[in-house]
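Here's the structure we're looking at; comments come further down.
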Amino acid sequence: MVHHHPHRQTTYVESGVFRVRIGDEEAILKAGDGFFVPPDVPHGAEALEAGSLIDVFTPARRSFLGFDED
């Protein structure tokens, strides 16, 4: 699902295969690949094979920690 947020996001593809869209660019990424999303840029990922993504956000996404966003 394409979405955007004010956080910077770095994602590592731990396993699987994903179609990733960032702004107007699209790529197929597999285990060992990664990507960066600047603040407020529309982006999304679709699993083409079962897998796992590891996301890091800055500033921290308070909603992921059970708090309301600031």
Side-chain angles (χ1 to χ4, degrees):
M1 169 180 8
V2 175
H3 63 283
H4 64 89
H5 43 73
H7 311 85
R8 290 170 186 85
Q9 176 180 341
T10 299
T11 300
Y12 174 75
V13 181
E14 193 272 328
S15 62
V17 179
F18 294 83
R19 177 180 294 122
V20 176
R21 181 169 192 80
I22 303 170
D24 295 330
E25 297 185 30
E26 188 174 288
I28 304 297
L29 302 180
K30 60 183 193 269
D33 292 334
F35 60 91
F36 173 76
V37 182
D40 295 314
V41 173
H43 62 283
E46 173 189 2
L48 301 178
E49 293 181 11
S52 180
L53 299 173
I54 299 172
D55 294 323
V56 177
F57 297 93
T58 185
R61 289 202 57 179
R62 293 175 49 85
S63 62
F64 283 15
L65 301 173
F67 299 100
D68 291 333
E69 287 292 335
D70 292 334

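Here the structure is a predicted model, which is why all the values come from computation and not from measurement. The analysis underlying the following values was restricted to heavy atoms, covering all of them including side chains, and did not include hydrogens, waters or symmetry mates.
A centroid separation of 6.0 Å or more is found between the aromatic rings of H4 and H43.
The other residues sharing a hydrophobic cluster with V13 are F18, V20, I22, L29, F35, V37, V41, L53, where clustering joins ILVMFWY side chains under 4.5 Å apart. Connectivity analysis of hydrophobic side chains (ILVMFWY, heavy atoms under 4.5 Å, direct or indirect) links V17 to I28, L48.
Scanning both residues, S15 and A31, for their nearest heavy atoms gives CA-CB, 3.9 Å. Of all the heavy atoms in P6 and P39, the pair that sits closest is O-CB, 3.4 Å.
Environment of CG in D40: crowded, with over 12 heavy atoms of neighbouring residues, nucleotides or ligands closer than 6.0 Å.
Put simply, the side chain of T10 never gets that close to the backbone of V56: no donor and acceptor are under 3.5 Å apart. Of the possible polar contacts, one joining the H3 side chain to the M1 backbone as a donor-acceptor pair under 3.5 Å is found.
With rounding to the nearest 0.5 angstrom, the OH atom of Y12 is 8.5 Å from the CG atom of D33.
Checked against salt bridge (Lys or Arg N to Asp or Glu O under 4.0 Å), R8 has no partners two or more places apart in sequence or in another chain.
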